[in-house]
Structures are given as C-alpha cells and as structure tokens.
There are 2 protein chains.
Amino acid sequence: MTTEVDSFGPRRVLRPSAKVLPEQARAHNRSLVLQTLYRSGPLSRADLARETALTRVTVGDLVAELIGEELAIELGTRVDASRPGKPATLLDLNRDGHRIVGIDLGDTEVFRGALIDLDGTILERREIDARGLVGGDAAAAALALARELTAIADRPVLGVGIGSPGIVDLAGCVLTAPNRGWTDLPLQARLQAELGLPVIVANDANAAALAEYGFGGASADLMLVMVGYGVGAGLLLDGTPLFGSRFAAGEIGHVVVGTDGGEACACGKQGCLETWLAVPRLQARIAAGEPREAVLRQAGERLGIALAPIVGALNLSEVVLSGPVELLDGTLAEATVDTLRQRTMEQFHGDLTVRLTSLGGDIVMRGAAVMVLSARLGVS
Amino acid sequence: MTTEVDSFGPRRVLRPSAKVLPEQARAHNRSLVLQTLYRSGPLSRADLARETALTRVTVGDLVAELIGEELAIELGTRVDASRPGKPATLLDLNRDGHRIVGIDLGDTEVFRGALIDLDGTILERREIDARGLVGGDAAAAALALARELTAIADRPVLGVGIGSPGIVDLAGCVLTAPNRGWTDLPLQARLQAELGLPVIVANDANAAALAEYGFGGASADLMLVMVGYGVGAGLLLDGTPLFGSRFAAGEIGHVVVGTDGGEACACGKQGCLETWLAVPRLQARIAAGEPREAVLRQAGERLGIALAPIVGALNLSEVVLSGPVELLDGTLAEATVDTLRQRTMEQFHGDLTVRLTSLGGDIVMRGAAVMVLSARLGVS
DNA sequence: CATGTTTGTTAGTAAACCTTACGAACATAA
DNA sequence: TTATGTTCGTAAGGTTTACTAACAAACATG
C-alpha cells in the first residue's frame, strides 16, 4: 500500500469547523483581491491575477463586482507605458470614497474620536468630556460621539470601530469596565442598532496592537503594552488578536512582579505591575523627590521582569510601548530591554526589540479603524 | 446610503492569504465529515448531514470517496431501530484499519515508540537505547525505531509522528537540539524519504500539549509544562499549537524567576526556572537532606511565579504538568496553583486549574499520534 | 508596415454543492 | 392486511465558481 508523501505544514488539531460553500470560497477570493489592492496600491487586473494566482478572467469578474459596489475604481490607463502590448487599466481601492470612524474610550478624561480614511490618515477629530461619566451616561456619550463623527463624514462610512477599556468579548459586549461602571453592556449591538452602521467594539489595547501592525510597521507577532492610569496589553499572534479563555488576555496590570514585596495595590495585593509602572505612581514618586532616572529605571526593570516569562513562552520578538513619551522613552524602555535580555535566552531572543509606538495618542483610534477594515474588507 | 448591518465575529487583520479553489473547499468539507465521524462514533449519512449542515447528497458523495479510500467503512444497518422509516446504514472511521506510529525522542536514555490505533490506544511498544547518541547516530536510531514499528504494523500506517527535543520549525527541521548535537537537521524530510510514509516532527512539549487536548480531556487553551532533565512547555491556543517567531515558544526553562538570586545555571545565568524545578536538582537537594516538602513547595512556588505573567497575559484557564508523579503531584502542584492565585486576578482566573496529566509517560507518543491524525484527517 | 506582446473579455468546460424528486424499508393505525 | 407517514439513501438537473481556450484591442519595435 503506497501513500503519496507530501510535506506537512503548520498543524491544527482536530476541531470540527463549519462547512465551506463555493459562495464562501468566492468571498475569500474577493477579499484577497481587495487586500492585494489595499496593500499594493494601483494595479491592473492582470497585475492582480499575477499577484493572487487567480486567472485574469476571475479577477475581471471579481473586480466588476467590487466596482459595482463602489469599493474599487478605475483610474484610467497606465501612463508609464514603456512596455509593449495594450496599456493596462489601473485599479485601486476607492480610497477617497469611504470613511471610517475610530473611537477611543480608554482615557479617563475624554472620549476621543476621529474620521479616518482607508489609509489610516486622520481627517477630523472630535472629543467629548468624559470625566465622571458612568453607566448609561458613558454609553450615551460614546453614542453621541459616534453620531457626531458619522454626521460630518462627506463619504459613506464603512463602519465604526471602538476601543473600550475593560474586558470585551467577541460580540463586542463589555463584560466589565470598572472605571465606567459597565457590566455586560452590549455596546456593539446597541450602537449598531442606533447608528445603522457596522460597529466593532474591542478592548483598547487589542485595538492598539492592531494599529501597530496595520499602520506602525510592526510584525505579526507583537505585544503592545499600554501604560497609563493602569497597565494593560494587547497580544497579536500571527496577525490575530489573542482573546483568552475569558476574554481577559493582556490584563497584566495586576500580576505581581518580583519576590521582594512592593507597594500596596488597590486590588489588595502587593507589588502588582501597576504599582511599579502606572503613570500616577511614577509621577507621584518623582514629585516626591525620588531621582527621576532611578524611578524610571526601576519601572523598566519591573516591566522586564514581568514580560520575561511571556516573551520566553511566546517567543515574541517585538514589544511596543504606548503611553507618555516623556516617561517611557529612553531610560525606561532601555531598562526593559536590558532586563529582558538578562532574563531570557539570548539564542532565542537576540533580535528582541522594545520600542515606543510611533502612532502616539492616536493609536487606539487608528486601531479601531483597522478593525473596521478587517471586518469589511478582510479575510473570512 | 444604507449598509446591511450584520454582527461581526472574531476578527483577523488584513493579511493576504492564498486563493481558495472549489477543490480545496471540498477537501475542507471532506475533513469535516471525517472529524465528525472521528468524534461522534458510528453515524449514518443522514446523521452526518444533520451534524455538518451539508446535504445528504453531498455527504453521500463524500462518504463514497472515503469508503473508496478505505478511510471509512459501513457497519450495517442500525439495530436499535425504534424509529419509523428506513433503517440507517451506520458508518464509522475505519478505526481498526489503520495504525499510527508515535515516537518520543525526548528522554535522555531511550527513544520510545509505539504502534497506536486511531483512538490513541497503544498497541505495541518498542524502545531503543539512546544513551550518548548524538548527531547522525541519534538520527539513525530514530529511523531504526520508526522502521521497526512500521514493520510490525498489521495494518496500513497513516503516518509517523515524532516528538523531538529542541527547537523544531514548521517543516519538521530540528534547528537546535543540544542534547543530541543536532543543528538544522531536516529530520522530517529525511525520515519521510526513507520510510515512504507521511512523517511529522514537532517539539515534544508541543506534541504533549496536543495529546492532552486530544486524549486527555483538556480544553483548547492550555499550557503543558514538562518537567524532567530540563523544563519546557507547549502552548495550545484555541486548539492550535503556538510556535513563536523563531519556533522557540514554550522554552521557559531558562527564564529567570524572582528577584532574589538563585543557583547558577549551566546557561550562565542565575535563578533560571530549571535551577528551581529540574528533576536532577530536586532529587539532589532532597538527597542532600533538605526537607522534601519544603523543596517541593519552593519548586511549586517558583513555577507559579514564572507562570503568573503568562497565565495573566494569555488568560489561560488550564495548566497541565507532565513529569515524575512522585515529585509533581501533591505539594508541588498545590504550591503552583496557590502561588498563581496569589499573583493574578481572581476575577479572571478563578477557574484556573493546575493538574497532572493523566497520560503519564506516553504523553509525547500519543501527542505524536494526534499530529498524524490532524495532518491526515484534519482541516486544511 | 508586419510582428510580437500585453490586456481584458467572450465562450465553453469541469467541479462542487444545491434543490427536487423518488424508491426502499420501516412503524403505526385503521 | 392495508393504508399512511417517516426516514434513508440516491438520481437527476440546476446554479455557482473558476478554469482553459480563443480573440480583439492597443501598443512597441524592427
């Protein structure tokens, strides 16, 4: 009995999935064309066929569909025609024909929102004072901000992406967000019903990780650590956000760091990562006269201590920090990477980088835009 | 402009993938039928249609194909016929018609192999003395063991699964395995060429994690910690093994634990997890007169300290230990879970369990069998 | 001006799944 | 016993999808 012998690639384990109909296969190929167009700028149908390995016929058919939905547009014939043959008709995503609304609910003082184009460029900004808002009032403010932004859009809005603090499940239901007093709030479903637009709600750190991957030039395996009033993280593994068994992946703020005590934390424990790293704590210690460099170095070391097992277990090669530049950049980040190097195997993590995000305070809003792009244009 | 508003599920980010042809969609549905048959025992074509949401016609066609390849068999009509209508013809995987060879190269003293049926039951065992084997000799011994096991198989062998120590890439190439002196050894490709059978090589801890999921009743999110001569781990996220950016995911043996020093490690650092937990170290300390309970408690605590950030970041709910029962069970495991509880958020990890594997010393061999099952029967 | 190249489309084919319909084989009730 | 209804498996035919083959259009080049 002979068996054909191929090479076996990445494995998944036995896990019944859903059936695949031809229709869904087509949707997949359609997304493939959209993604190729998104990534590689203006292309002809023939270019797309070469890139996707589909035939020109199939590409032509898919493109006709996309043009019909005004997702793609023809730009006219290619001008640099130094080649023989019929000049190509260039196509591109209808980049200027759509807008995305991205909203960041993570700040304690304001809800920030922006009108964003398909390339992630922020066109308009709006803010709403969110101090003290809890429960339904906070949700209403988020809705108002979304309404305001969709109202000023001069093009059709592809969708509304929202990065929320707290624990958010896959349906965009905020399971818990203590600062806003939210419990089991179906924010995504509610806003979607109100706005009549696709809405996607996810944890703000997860959104930020997506932004760093989509717009920040990060690799597909990435941990994004947000340092602010608290400390949270978003994990991207092979380009896919990690959610965790109870949707609490990345919640490392209350993991105890080290074996030598530490300050008391609001959660009742001692030496939580937040007690070492949260912005108010750092500012307070510096204001109280502790040497700034020493405080920042220690904070970086503690972050490194906390991240070392994670970096080791996941074999991460990229850690990105988000938060106040004046605190994170320099000493703190350097201490983090030094500590990580000292505590992990050089052999596996020699290329480890720890750096600040280049997206600044817009990271969550732009990550929310990536979520919309993925949902509307992405792979199934 | 109205947009249809659906609910959006789990998101992936923009990442150009491959095209999907109808042929591949069919392969997917074929695997779906196989998996359903594997999981849910004997079923009729109509049962399969209901379970998979495919039509009876399509299921009939796929089943005919599977029967033609002798992967499925008809068992005759159902006997408990208390229902009206034509009695169903029961189908099942041809469970007794195939064998799998599973091999564990992780031990320092022996290479263990087994002939395994599709349900994971071990039918025959073989061992080869592996003390001191390095380089080509070690690879030759692995090949000889695989040959011996395929030779005694009385049924066609679906494939050979191998759990190897060290760093193994997706193509089954052992990048580094210090104990065997292997560097960039294309073990999978070489054995496959020699044996003329599908061969899958992966890291032994990853294989063990798959075994715990496939045969040990574990959930799809799982960390399996192997404690032996060294300390390694395998991670399963949503049923998929995690490999890491350089295929070194799970290599936590040389992550430094705690902030209070520790014994010197062979790697040059101090206080690596292995110095606290490796079996030789524990045995030596107990033999030297240290109180057994105290040694084991401390080892468990250190494991908990190392795992806390990982459990927190990944929001894991299940940690499984594999290794010498007399050392791991009881005090050590209890200290681990106690420490984890003390160092993470009760709210997110209240259901965290830490337990010993029930698969004993066969875990890697049976995990290797799961890899073969996945590759031959699994989803694309 | 003839030739070759490239593009995009038309026409026809193969694969895959669907819907509809039917015979076979059974339980149940008149 | 017979009629009715149910369930199973299969046959026939239709729809969708992407493929191959072929072709006209439009250009560069010798």
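These numbers come from the heavy atoms of this one structure, side chains and all, not from hydrogens, waters or symmetry mates. The sequence lines fix the lettering, A, B, ..., with proteins before strands; numbering per chain opens at 1. What you see is a predicted model, and the numbers here were worked out from it, not measured in a lab.
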Asks: Taking salt bridge (Lys or Arg N to Asp or Glu O under 4.0 Å) as the definition, give me every residue that meets it alongside A:Arg246, ordered by chain and number, with sequence neighbours left out.
Replies: B:Asp351
Asks: How many Å lie between CG on B:Leu62 and P on C:dA15, as a whole number?
Replies: 15 Å
Asks: Any donor-acceptor pair under 3.5 Å linking the side-chain atoms of B:Asp47 with those of B:Ser44?
Replies: yes
Asks: List for me each residue that meets side chain to side chain donor-acceptor pair (under 3.5 Å) alongside B:Ser317, sequence neighbours excluded, and say none if there are none.
Replies: none
Asks: Are any of B:Thr55's side-chain N or O atoms less than 4.0 Å away from OP1 or OP2 of C:dC17?
Replies: no
Asks: Kindly calculate the angle separating the two end axes of the helix from C:dC1-D:dG30 to C:dA30-D:dT1, each obtained from five base pairs, and round it to 10 degrees.
Replies: 10°
Asks: Whether A:Asn29 contacts D:dT17 is assessed here as follows: a side-chain N or O lying under 4.0 Å from the phosphate OP1 or OP2. Is that the case?
Replies: no
Asks: For the pair made of CD1 in A:Ile67 and P in C:dG8, what is the distance, rounded to whole Å?
Replies: 10 Å
Asks: Got a sec, which residues hit side chain to side chain donor-acceptor pair (under 3.5 Å) with A:Thr77, two or more places apart in sequence or on another chain?
Replies: none
Asks: Tell me: CZ of A:Arg30 to C1' of D:dA18, nearest whole Å?
Replies: 17 Å
Asks: In whole Å, I'd like the distance from the CG atom of A:Leu48 to the C1' atom of C:dT7.
Replies: 13 Å
Asks: For A:Glu318, what residues pass the side chain to side chain donor-acceptor pair (under 3.5 Å) criterion, not counting sequence neighbours?
Replies: A:Ser219, A:Arg355
Asks: Starting at CD of B:Gln24 and ending at P of D:dT16, how long is that distance when rounded to a whole Å?
Replies: 22 Å
Asks: Can you give one letter per nucleotide of nucleotides 4-11 of chain D, 5' to 3': B if a protein heavy atom sits under 4.0 Å from the base, S if only from the sugar-phosphate, - if neither?
Replies: -BBBBBBB
Asks: Give a yes/no answer on whether the side chain of A:Arg26 brings an N or O atom under 4.0 Å of OP1 or OP2 in D:dT16.
Replies: no
Asks: Nearest whole angstrom, please: distance from the P of D:dA18 to the CD of A:Glu65.
Replies: 9 Å
Asks: Who are the salt bridge (Lys or Arg N to Asp or Glu O under 4.0 Å) partners of A:Glu23, not counting sequence neighbours?
Replies: none
Asks: Who are the salt bridge (Lys or Arg N to Asp or Glu O under 4.0 Å) partners of B:Arg190, not counting sequence neighbours?
Replies: none
Asks: With sequence neighbours excluded, tell me which residues meet side chain to side chain donor-acceptor pair (under 3.5 Å) with B:Asp117.
Replies: none
